[in-house]
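A quick write-up on the structure given underneath.
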Amino acid sequence: MELRSRIPSGPIEDKWDKHRFEMKLVNPANKRKYTVIVVGTGLAGGSAAATLSELGYNVLCFSFHDSPRRAHSIAAQGGINAAKNYQNDGDSIYRLFYDTVKGGDFRAREANVYRLAQISVNIIDQCVAQGVPFAREYGGLLANRSFGGAQVSRTFYARGQTGQQLLLGAYQALEKEIARGGVKMFTHTEMLDVVLVDGKARGIVTRDLRTGAIETYAADAVVLATGGYGNVFYLSTNAKNSNATAIWRAHKRGAAFANPCFTQIHPTCIPVSGDYQSKLTLMSESLRNDGRVWVPRARGDKRAPREIPEAERDYYLERKYPSYGNLSPRDIASRAAKEVCDEGRGVGETGRGVYLDFADAIQRLGEQRIRERYGNLFEMYERITDENPYQVPMRIYPAVHYTMGGLWVDYNLMSTIPGLHVLGEANFSDHGANRLGASALMQGLADGYFIIPYTIGDYLANAKLEKVTTEHPEFRAARDALTATTNRLLGIKGKRTVDAFHRELGAIMWEDCGMSRNAEGLRRALGRIPDLREEFWRNVNVPGSDVELNQALEKAGRVADFLEFAELMCTDALHREESCGGHFREEYQTADGEAQRDDSRFAYAAAWEFAGVGNASVLHKEALAFENVPLTQRSYK
Ligand SMILES: Cc1cc2nc3c(=O)[nH]c(=O)nc-3n(C[C@H](O)[C@H](O)[C@H](O)COP(=O)(O)OP(=O)(O)OC[C@H]3O[C@@H](n4cnc5c(N)ncnc54)[C@H](O)[C@@H]3O)c2cc1C
């Protein structure tokens, strides 16, 4: 396997322009001769499908949801970054680029990040033109707020529903193309394999989730925009049915998987309340604009928060990181919360919580102002916890939230399988070892609206593509293999539910490959996962049949994939003998407990090649060069 990153030469500011000029174009009359499959209708897939169809390509678009609008992107709360500098506070494309490379702890490709910062300004214009109701200042200008890891205010938002409003924008564009006939939409349809012909991605195999029918679709190129894999941990802030199946099965067909161990643990989630909980809820990072994080100074202090005097509180983020304070990046704020809880100073019944307190902000700005900014988040918190955050501080704790790893892609967003492109959270491209807040929406929309429309044309214009139909033997073989796997799952008739296996896997991953990791724990996990996988294939119970709506069967396939994928995550975490961003190896920390990178050995993206279930994956390295942002120890002090 060869990793060709295809980074254009020349100064970083000119790379994307130069590349766009040098790429081949498909003439408008020829575009309608090409068919492109887009899997996923979140911000990345929805924007890509609509834009490719606008350009004239025939698009076949797939989602396992009942409507494109249900994609997990709809859950995004806080906002989307862009280097517009509307606040005149010193922002620029270069600063957004710099913050993102540094925020990712120097494990992202500079050229991609610079392009992302450049495109960020176009995204806002595009969305405003679509009618996305971003918050505005009194005078009509778009408003901004701050997110972690930045000292400027560059986050555009629509109350606490930014993802929903952006997705409605992309969805309108998609619906228009569906109505025009440019996009054929397949809802309730799960992609379960990629089909390669002559080494190129030429189609997919799907299952209709209502009837169980297995179908195949052929195309000239395939785009995966299927989201992240955080649910490998079972408990996460992701939508319950987000999963890794699409990218994992593409990996098994030859797409390299990059940096699978780079997981983001978000510091502000509602703490776990019991063993049978199946979902965690995020409290947006935007709350840290006005909320102050603290714990009691004394261990085991069980007094109600309002009874603890100021002098006996530890505002530990403000104390440890005075420059960024409560807006320290997510990896740093999460570890700091774990540390104070490990010391016995955590709050709430379990001791696994810290306060996020709005008393000062309410006193300064008034309750009404806070209600206007965060009303829906406060309401959501109260519904879940039965505590009123206008009166008592919220209790929060870190939880799995986002995955920076994903399928390896080159500068054109193409994987190591020619013709298979990967967008949004499903790829590994821009965030290195830690994603800054409000930059996932930016990346998904950059990929879908502004990058893939150019780069896919270059692929199609250069590739010599034979006419292929679903009658090709490769399609038949993939369909037969899927039918065999389905029958195998249904035939086990064991004693444990799919969820029981998923929950156990999640516990292993959280314990040994979670917020902090060490070699001993990772080796333990690498011993336990194959055993659990073996038990799954012997003892799982998947009731029902394959010719009906069968959610147990859907989940079984996804959990079977997580049981393979988890092993790769732990392998990656074990091999990376350094700490960087969200990957904190306890053995590699500075004297004051911060992440200790080892640039001499690990300044690369780790791209793994599949070698068979249970066999050691093969590591390929894409060296990362830092020519514009000097490699330094990351500091937010
Ligand atoms: C609670 C929460 C809040 C967040 N808030 C923010 C925020 O404020 N700002 C920010 O920048 N980021 C935020 N994020 C991150 C951000 O929402 C996601 O990273 C982003 O929306 C992912 O978009 P996507 O298009 O890549 O994937 P998704 O939105 O996850 O979409 C995946 C799509 O793929 C489809 N799909 C998946 N697998 C298959 C398959 N096998 N077959 C068929 N279809 C399939 C799904 O149906 C869906 O349509 C938040 C995340 C969470 C969990």
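Sequence positions, counted from 1, serve as the residue numbers for this chain. Atoms within a ligand are numbered from 1 in the order they appear, just like the ligands themselves. Note that this is a predicted model, so its numbers are computed, not measured.
- Under the salt bridge (Lys or Arg N to Asp or Glu O under 4.0 Å) criterion, Lys176 pairs with Glu54, sequence neighbours left out.
- Between Glu387 and Arg395 there is a salt bridge, since a side-chain N of the basic residue sits under 4.0 Å from a carboxylate O of the acidic one.
- Aromatic pair Phe562/Phe501: centroids not less than 6.0 angstrom apart.
- Under the 6.0 Å cut-off for aromatic ring centres, Tyr217 and Phe475 do not qualify, their centroids lying 6.0 Å or more apart.
- Near ligand 1, residues Val39, Gly40, Thr41, Gly42, Leu43, Ala44, Phe62, Ser63, Phe64, His65, Ala71, His72, Ser73, Ala75, Ala76, Gln77, Gly78, Gly79, Thr189, Glu190, Met191, Ala225, Thr226, Gly227, Thr237, Asn238, Ala246, Leu282, His401, Tyr402, Gly424, Glu425, Arg435, Ala438, Ser439, Ala440, Leu441 each place a heavy atom inside the 4.0 Å sphere around the ligand atoms.
- Glu382 pairs by the salt bridge (Lys or Arg N to Asp or Glu O under 4.0 Å) definition with nothing, not counting sequence neighbours.
- Residues forming a salt bridge (Lys or Arg N to Asp or Glu O under 4.0 Å) with Asp193 (at least two apart in sequence, or on another chain): Arg253.
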